[in-house]
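Model, not experiment: these values are computed from the prediction. Numbers for residues simply follow the sequence, beginning at 1.
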Amino acid sequence: MSTNEPLPNMTDQPDNPAALRRRAKQVLKDNDRGRYTVPNPTIYPFQWNWDSCFTALGLHAIDPARGWRELVTLTEHQWVDGMIPHIVFHRDDDRYFPGPAIWATGHQSPKASLGVLTSGITQPPVLGLVLETLSNRSDLDDPTLRPIARRLVAAADRWHRWFVDHRDPDRQGLVAIIHPWEAGRDNAADWDDALQVVGTDQLLPYRRCDTEHAEAVERPTDADYDRFISLLQTFRSRDWRQSELHDASPFRMVDPGFNACLIASDLALGRVAARLGDADVAARATRRARSKTAALDRLWHPGLGQFVCWDRIVDRRSDNASVAGLLPLLALSAADPRSAMLATRIERWMDVAPFGLASQDPTSKVFDPVRYWRGPSWLVVNWLIVKSLLDQGRHDLAERLIESSLALVATSGFREYFDPTTGDGLGGDGFSWTAAMTLEFLGLTRQC
Ligand code: GLC
């Protein structure tokens, strides 16, 4: 460098924390539709359940009231039976398939008469976790905020009760998902065997849109999509009567990650309810969490040293090692010997695939570093893992995952997901939850 050349301005470097924070906030502002946020304007132009919850954390950092509003909007579309749906179709947009006309849910959703329809399935329950995180950053005695927090507590409690009634009707202890989209991990290898039995002969003709906005090799296959749509048709033929869907579904999977989110959300809900003086909800939520934690034992795979899925249709434990099986770290105590085993798995996976945490065991045969939930790293999952590691006192490992997650966005942008072997950005760009998690990780770095 010649002595006359100006030195680079470090505050303008894209990976400078202040610059990263600014860019993350801009993504959230771009995707903000006033009362809700879209995950991404082209691939996902509506409100998604768990995206909104994670995104609320980022919005709260910009404007606390807007963060709370995101959660309130989501719960305004809670079904009369208690389910909080996975998509709220606030406005027409034909860039996404399947849209509201395909779901045809109608009657159950409280704002259907106003023209706002929803999908007919749900998503991982992280509302309770986010509610507690926001509550910890707020003054719950504030007379404007207190009723909002109480309302969200009631909504989460109703949703969690719905899970027990409609996704564990035989009271086996854990809840099942009835569609891969419910897990939020659409094409995870966890479903490969189970999806084989989902018939596609009655499939109506359809055209997917996602591959028009993202590379086909980074998305679920057409064969996966046929099954996704076939399941939707099955449920629609029952007019979305949730009380029938569990038993009618040819896909019933007990996912350890999903159940871990529910347990952690119930524990969090119990603590917030106690702070708000709602002893009934506090006791109920804590009771639910305890019984589910005990039931997790059945999903432990001693050979792998992690949790795995249980296929409720054939009543069999899976042998596949996905990141869902590491998430019960959210629910276990640090003293539980399985916690240390899970932490060791996380370390090993990061030794092999060091850019974030892979969504599938990177040493497994089915690992695919670019195809959606079959290998890539997702910042929201990294955040859940970081949270559990911090709760367990594993600051070293948490810091390693925070740093590698931040390096991903600094280098590759606010992408939907990332190749854990190279750090390349994949899927859509300008993703709300990636931006929100960046703000979270930057906040955590300050605390470390
Ligand atoms: C995909 C993801 C799901 C997410 C949605 C919107 O379907 O698999 O987890 O909620 O996109 O971002």
Is the distance from the ring center of [X] to that of [Y] below 6.0 Å?
| X | Y | value |
| --- | --- | --- |
| H166 | W79 | no |
| F163 | F258 | yes |
| Y36 | W48 | no |

Closest heavy-atom pair and its distance - [X], [Y]:
| X | Y | answer |
| --- | --- | --- |
| W159 | M83 | CD1-CA, 3.9 Å |
| G356 | S377 | CA-OG, 3.4 Å |
| R415 | G427 | NH2-O, 2.8 Å |
| P41 | R33 | CB-NH2, 3.7 Å |
| V366 | A189 | CG2-CB, 3.8 Å |
| A435 | L28 | CB-CG, 4.0 Å |

Which distance, rounded to the nearest 0.5 Å, do you find between the [atom1] of [X] and the [atom2] of [Y]?
| X | Y | atom1 | atom2 | answer |
| --- | --- | --- | --- | --- |
| S119 | I102 | OG | CD1 | 13.5 Å |
| L145 | S135 | CG | OG | 7.0 Å |
| F89 | L117 | CZ | CG | 8.0 Å |
| D157 | L127 | CG | CG | 11.0 Å |
| L231 | D226 | CG | CG | 11.0 Å |
| T293 | I263 | OG1 | CD1 | 4.0 Å |

Report task. Apply side chain to side chain contact (heavy atoms under 4.5 Å, CB included) to the pair M350 and S404, showing each step before the final yes or no. Result -> CA-CA 10 Å; M350 289 187 72; S404 89; 3.7 Å; yes
Quick one: does [X]'s side chain get under 4.5 Å of [Y]'s, heavy atoms only?
| X | Y | answer |
| --- | --- | --- |
| L245 | W240 | yes |
| T200 | R227 | yes |
| L439 | L57 | no |
| P369 | T422 | no |
| Y44 | I87 | no |
| F441 | N382 | yes |
| F367 | P420 | yes |
| S138 | H60 | yes |

Query raised in the report: Should D361 and R345 be marked as a salt bridge (charged side-chain N to carboxylate O under 4.0 Å, His left out) after you check the CA-CA gap, both sets of side-chain angles, and the distance that decides it?
Result: CA-CA 9 Å; D361 180 347; R345 293 284 284 171; 3.3 Å; yes
Query raised in the report: ring-ring contact (aromatic ring centres under 6.0 Å, His included) with H77: which residues, sequence neighbours excluded?
Result: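 In terms of ring-ring contact (aromatic ring centres under 6.0 Å, His included), with neighbours along the sequence ignored, H77 is linked to H90.
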Looking at [X], I'd like to know if its [atom1] atom is crowded, meaning that more than 12 non-hydrogen atoms belonging to other residues, nucleotides or ligands lie closer than 6.0 Å.
| X | atom1 | result |
| --- | --- | --- |
| R207 | CZ | no |
| R348 | CZ | no |
| E347 | CD | yes |
| D92 | CG | no |
| R316 | CZ | no |

Requested in this report: Take F251 and H179, measure what ring-ring contact (aromatic ring centres under 6.0 Å, His included) needs, and give me the verdict at the end.
Outcome: CA-CA 7 Å; F251 178 87; H179 193 298; 7.4 Å; no
Report task. Could you label the plane-to-plane angle of the F307 and W300 rings as parallel, tilted or perpendicular, counting under 30° as parallel and over 60° as perpendicular? Result ->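 Perpendicular.
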Query raised in the report: Which class fits the ring pair W103 and W181: parallel under 30°, tilted 30 to 60°, perpendicular over 60°?
Result: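 Tilted: the ring planes of W103 and W181 meet at 30° to 60°.
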Query raised in the report: Yes or no on side chain to side chain contact (heavy atoms under 4.5 Å, CB included) for E70 and S52, after CA distance, side-chain angles and deciding distance?
Result: CA-CA 7 Å; E70 185 77 15; S52 252; 2.5 Å; yes
Requested in this report: Could you walk me through whether T122 and W162 pass the side chain to side chain contact (heavy atoms under 4.5 Å, CB included) test, one step at a time?
Outcome: CA-CA 11 Å; T122 191; W162 173 89; 3.9 Å; yes
Report task. Run the numbers on W378 and Y372 for ring-ring contact (aromatic ring centres under 6.0 Å, His included), then give the verdict. Result -> CA-CA 9 Å; W378 296 69; Y372 222 39; 5.3 Å; yes
**Report entry** Positive for side chain to side chain contact (heavy atoms under 4.5 Å, CB included) with F54, one of L129, L384, L379, T434
**Finding:**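 It is L384, the one option of L129, L384, L379, T434 that forms the side chain to side chain contact (heavy atoms under 4.5 Å, CB included) with F54.
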Requested in this report: Look only at the side chain of T105 and the backbone of T118, and say whether a donor-acceptor pair between them is shorter than 3.5 Å.
Outcome: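 Yes, T105 side chain to T118 backbone: donor-acceptor pair under 3.5 Å.
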Requested in this report: For S388 and D391, test the side chains for any donor-to-acceptor distance below 3.5 angstrom and give the result as yes or no.
Outcome: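 D391 and S388 do not have a side-chain donor-acceptor pair below 3.5 Å.
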Requested in this report: Check the side chains of R238 and T234 for a donor-acceptor pair under 3.5 angstrom, ignoring hydrogens and angles.
Outcome: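 No, R238 and T234 have no side-chain donor paired with an acceptor closer than 3.5 Å.
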Query - The single option from D255, D168, D170 passing salt bridge (Lys or Arg N to Asp or Glu O under 4.0 Å) against R312 - result: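 Passing option: D168.
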Requested in this report: Pick out which of R290, R284, R288 makes a salt bridge (Lys or Arg N to Asp or Glu O under 4.0 Å) with D266.
Outcome: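 Exactly one candidate clears the test, R288.
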Query raised in the report: Between R137 and E440, is a salt bridge (charged side-chain N to carboxylate O under 4.0 Å, His left out) present by the stated rule, with each step listed?
Result: CA-CA 12 Å; R137 295 173 188 174; E440 281 294 299; 2.8 Å; yes
Requested in this report: Go through the steps for D165 and R158 under the test salt bridge (charged side-chain N to carboxylate O under 4.0 Å, His left out), then give the verdict.
Outcome: CA-CA 11 Å; D165 292 340; R158 269 183 69 211; over 6 Å; no
Query - R69 vs E76, salt bridge (charged side-chain N to carboxylate O under 4.0 Å, His left out): CA-CA, chis, key distance, verdict - result: CA-CA 10 Å; R69 176 73 240 178; E76 279 170 356; 2.7 Å; yes
Report task. Go through the steps for W433 and W383 under the test side chain to side chain contact (heavy atoms under 4.5 Å, CB included), then give the verdict. Result -> CA-CA 11 Å; W433 66 7; W383 184 79; over 6 Å; no
Requested in this report: Carefully, step by step, assess E132 and N136 under the rule side-chain hydrogen bond (donor to acceptor under 3.5 Å, both in side chains).
Outcome: CA-CA 6 Å; E132 185 182 42; N136 291 345; 4.6 Å; no
Report task. Give a yes or no on whether a salt bridge exists between R298 and D315, defined as a side-chain N under 4.0 angstrom from a carboxylate O. Result ->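 So R298 pairs with D315 through a salt bridge.
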**Report entry** Matching residue for R374 among D190, D368, N187, D192 - test: side-chain hydrogen bond (donor to acceptor under 3.5 Å, both in side chains)
**Finding:**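 With R374 as partner, D190, D368, N187, D192 yield a single side-chain hydrogen bond (donor to acceptor under 3.5 Å, both in side chains), made by D192.
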